[in-house]
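Inspection log for the structure reproduced underneath, given as structure tokens.
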Amino acid sequence: MFPLLFGAGLVILNLVTSARSQKTEPLSGSGDQPLFRGADRHDFAIMIPPGGTECFWQFAHQTGYFYFSYEVQRTVGMSHDRHVAATAHNPQGFLIDTSQDVRGQINFSTQETGFYQLCLNNQHNHFGSVQVYLNFGVFYEGPETDHKQKERKQLNDILDAIEDSTQKVQNNIFHMWRYYNFARMRKMADFFLTHSNYNYVNWWSTAQSLVIILSGILQLYFLKRLFNVPTTTDTKKPRC
């Protein structure tokens, strides 16, 4: 009995070890159709209702680097709190990182292949919506960006140097594109802030002008009443 239990334990341990050591790359599914992964880069703006939550999913391989940045551009409604809560979860549903601010970033290396979840929660505003600009995606270092399980061919030194230089240029262009998106986020936030201040100054100036005109009219009316002299007749004379 003991040898049987010992052998079963070795079989289970072997299965667990092989499952942990294998890659988490998903299979292609039935047939020759590849797995749909979607794009690797996204940048757009969304409106989050009061107390609402918006979530997105991004596919990434386990050898990539995930980046996620956001900025609250404006608020709509009675509340003017621009803070939002951002969270990132791995494909297993475990929390990776959080951020609660007007603008923030969540960057991490992908340890497993699958769909990563990004959520934004407008929990600080119960009476106002917020417009948030998002920029997230995944990029991969090195020439293995296609992730096809094929053996690389042996190239000569010149082609290797050209390939390395091209990869460096691509990485630099990608980081320049990220900085450009940061500038776009700040530009739109500044635009909405300037527009809001412009409307506030205009409305406040109009209200103050109306108050000044109304107070002037009332002052003239009461001053005129002070100098009103009643007319006297034979039947109606002022008393001493």
Side-chain angles (χ1 to χ4, degrees), residues 39 41-58 67-88 95 97-107 117-137 175-240:
R41 305 174 187 175
H42 304 275
D43 57 306
F44 53 89
I46 59 169
M47 289 293 295
I48 304 178
T53 302
E54 295 288 343
C55 293
F56 306 92
W57 285 262
Q58 172 65 40
Y67 64 92
F68 172 47
S69 58
Y70 67 93
E71 179 166 356
V72 178
Q73 295 180 328
R74 62 169 177 168
T75 59
V76 179
M78 299 176 59
S79 180
H80 297 285
D81 191 353
R82 298 176 58 195
H83 289 75
V84 294
T87 58
L95 180 65
D97 198 0
T98 60
S99 175
Q100 296 190 23
D101 207 339
V102 177
R103 66 182 61 91
Q105 297 184 34
I106 298 178
N107 304 318
Q117 184 185 26
L118 307 173
C119 291
L120 290 171
N121 189 357
N122 188 19
Q123 60 185 1
H124 300 284
N125 285 322
H126 296 285
F127 301 99
S129 303
V130 293
Q131 178 175 327
V132 187
Y133 185 87
L134 304 177
N135 178 24
F136 63 90
H175 289 296
M176 290 174 60
W177 176 79
R178 287 195 64 195
Y179 291 133
Y180 170 71
N181 277 310
F182 293 152
R184 285 179 60 191
M185 285 192 293
R186 298 300 300 270
K187 179 181 178 181
M188 292 303 299
D190 294 340
F191 169 77
F192 285 119
L193 180 61
T194 304
H195 187 69
S196 176
N197 292 337
Y198 174 77
N199 291 332
Y200 173 78
V201 171
N202 284 340
W203 283 106
W204 187 244
S205 300
T206 303
Q208 286 184 336
S209 299
L210 292 176
V211 170
I212 292 172
I213 294 172
L214 182 60
S215 63
I217 293 174
L218 291 176
Q219 287 178 3
L220 289 175
Y221 173 75
F222 286 110
L223 285 174
K224 185 177 179 181
R225 289 194 61 183
L226 291 176
F227 294 97
N228 282 339
V229 178
T231 55
T232 59
T233 60
D234 295 337
T235 59
K236 185 179 181 181
K237 295 182 180 180
R239 297 181 180 181
C240 293

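Computed from a predicted structure; not experimentally measured.
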At their closest point, which heavy atom of [X] faces which heavy atom of [Y], and how far apart are they?
X	Y	value
I106	A88	CG2-CB, 4.0 Å
Q100	H83	O-CD2, 4.4 Å
F136	Q58	CE1-OE1, 3.8 Å

- Task: Assess whether side chain to side chain contact (heavy atoms under 4.5 Å, CB included) is satisfied between N121 and C119, documenting all intermediate values.
- Result: CA-CA 7 Å; N121 189 357; C119 291; over 6 Å; no
Would you confirm whether [X], through its side chain, and [Y], through its main-chain N or O, come within 3.5 Å as a donor-acceptor pair?
X	Y	answer
S205	N202	no
R82	V72	yes
S99	G104	no

Quick one: [atom1] on [X] to [atom2] on [Y], what's the gap to the nearest 0.5 Å?
X	Y	atom1	atom2	result
T75	H124	OG1	NE2	14.0 Å
Q117	C55	CD	SG	4.5 Å
F222	I217	CZ	CD1	12.5 Å
L223	L218	CG	CG	11.0 Å

- Note on the structure: The residue among L118, L120, D43 that forms side chain to side chain contact (heavy atoms under 4.5 Å, CB included) with L134 is L120
- Message: As a quick check of understanding, evaluate side chain to side chain contact (heavy atoms under 4.5 Å, CB included) for N135 and Y70, giving each step before the final call.
- Response: CA-CA 6 Å; N135 178 24; Y70 67 93; over 6 Å; no
- Message: Using a 6.0 Å cut-off, check whether atom CZ of F44 has over 12 heavy atoms from anything other than its own residue.
- Response: yes
- Query: Taking C-beta and beyond as the side chain, do Y67 and R41 meet within less than 4.5 Å on heavy atoms?
  - Reply: yes
- Query: With sequence neighbours left out, which residue pairs that include part of residues 98-107 fulfil the salt bridge (Lys or Arg N to Asp or Glu O under 4.0 Å) condition?
  - Reply: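 Residue pairs with at least one partner in residues 98-107: E71-R103.
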Please list, one pair per line, the donor and acceptor atoms closer than 3.5 Å that link side chains of residues 125-132 to other protein atoms, with sequence neighbours excluded.
from : atom 1 : to   : atom 2 : distance (Å)
N125 : OD1    : S79  : OG     : 2.6
N125 : OD1    : D81  : N      : 3.4
N125 : ND2    : D81  : O      : 2.4
N125 : ND2    : N122 : OD1    : 3.3
H126 : NE2    : Q123 : O      : 3.3
Q131 : OE1    : R74  : NE     : 2.9
Q131 : OE1    : R74  : NH2    : 3.2
Q131 : NE2    : Q73  : OE1    : 2.8

- Note on the structure: Sorted by chain and residue number, the ring pair (Phe, Tyr, Trp, His ring centres under 6.0 Å) partners of Y133 (sequence neighbours excluded) come out as none
